[in-house]
**Q** 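Take this structure, written in structure tokens, and hold onto it; I'll ask about it next.
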Amino acid sequence: MAHVVQALDQPSNYKDSQSRVDRQKQNELLANSTTLYVGNLSFYTTEEQIYEVFSKCANPEDGGGIKRIIMGLDRNTRTPCGFCFVEYYTHAEALASMRYVSGTKLDERIIRCDLDLGYKEGRQFGRGKSGGQVRDEHRQDYDPGRGGWGAQAQKAEIERRRQVEERYLDAQEGPGAVAGGGGDWKEMEGATEGKLKRGRSPDDEGENSRLGQRTRTEEDLEAERM
């Protein structure tokens, strides 16, 4: 039955798309590789968490151990974007990680490990147009562990909101727009009210004076009768 079950420590068909190494040379390098490519990580997984998991397959007493961990970063924001490289001191440790770590959960995500040809400066950055990984560029599902929607879906949503805001501004500035602040109509109302009220004239004051005198005379006559 050994020929039926696929060995867990065999490298997959993963290959660096920008590598100029032919297939035969690649197989030779992978046969002695001490570097793992780790994918499907959460954007929130830390280097400390990765070290804790992958150090379980290290053998420091035999001169091994983890040499370094290189976190994959968004090319524009320099924040984690879901992958990393783990370098061991020995090939046996890398194979052990493929056997025991690949396919397990880290931060509630099933991570995958593949032997890598070897880390080179610049490979830590995402190659997608938006700065992250290519797999997150056109992703249509919502994945909270990898920034929500895919980069293209996020761009489309930002553009939609921009268009809505532009239409709203046009509606405010166009014909029939509501006056901003609601204060203009109060000023206009006050001015109109002032125009409708007639000012007091000297004739009004004289008439009121005569009325006052007549009222006092009637009061005097009434007092005399009593």
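The chain is numbered in sequence order, starting from 1. Quick caveat, the model's predicted, so the values are computed rather than measured.
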**Q** Please collect all salt bridge (Lys or Arg N to Asp or Glu O under 4.0 Å) contacts where either partner lies in residues 75-92, sequence neighbours excluded, each pair once.
**A** Arg68-Glu87
**Q** Using the ring pair (Phe, Tyr, Trp, His ring centres under 6.0 Å) criterion, which residues pair with Phe43? Sequence neighbours excluded.
**A** none
**Q** For Gln133, which residues count as a side chain to side chain donor-acceptor pair (under 3.5 Å) partner, sequence neighbours excluded?
**A** Tyr37, Arg146
**Q** For residues 87-125, which residue pairs qualify under ring pair (Phe, Tyr, Trp, His ring centres under 6.0 Å), counting only residues two or more places apart or in two chains?
**A** Phe85-Tyr119
**Q** Holding to side chain to side chain donor-acceptor pair (under 3.5 Å), I want the full list of residues that pass it with Gln49, two or more places apart in sequence or in another chain.
**A** Thr46, Asp107
**Q** Could you give the distance from CZ (Arg112) to CG (Leu36), rounded to the nearest 0.5 Å?
**A** 12.5 Å
**Q** List the residues meeting side chain to side chain contact (heavy atoms under 4.5 Å, CB included) with Arg160, not counting sequence neighbours, and say none if there are none.
**A** Glu157, Val164
**Q** Keeping to residues at least two apart or across chains, list the ring pair (Phe, Tyr, Trp, His ring centres under 6.0 Å) pairs with something in residues 130-149.
**A** Tyr142-Trp149
**Q** Any ring pair (Phe, Tyr, Trp, His ring centres under 6.0 Å) pairs touching residues 52-77, not counting sequence neighbours?
**A** none
**Q** Can you list the residues that meet the side chain to side chain donor-acceptor pair (under 3.5 Å) rule with Glu166, with sequence neighbours excluded?
**A** Arg162
**Q** Please list all pairs meeting side-chain hydrogen bond (donor to acceptor under 3.5 Å, both in side chains) that have one or both residues in residues 51-67, counting only residues at least two apart or in different chains.
**A** none
**Q** Taking side chain to side chain donor-acceptor pair (under 3.5 Å) as the test, write out the residues that go with Thr34, two or more places apart.
**A** none
**Q** Using the test salt bridge (charged side-chain N to carboxylate O under 4.0 Å, His left out), find all partners of Glu108 that sit at least two apart in sequence or belong to another chain.
**A** Lys105
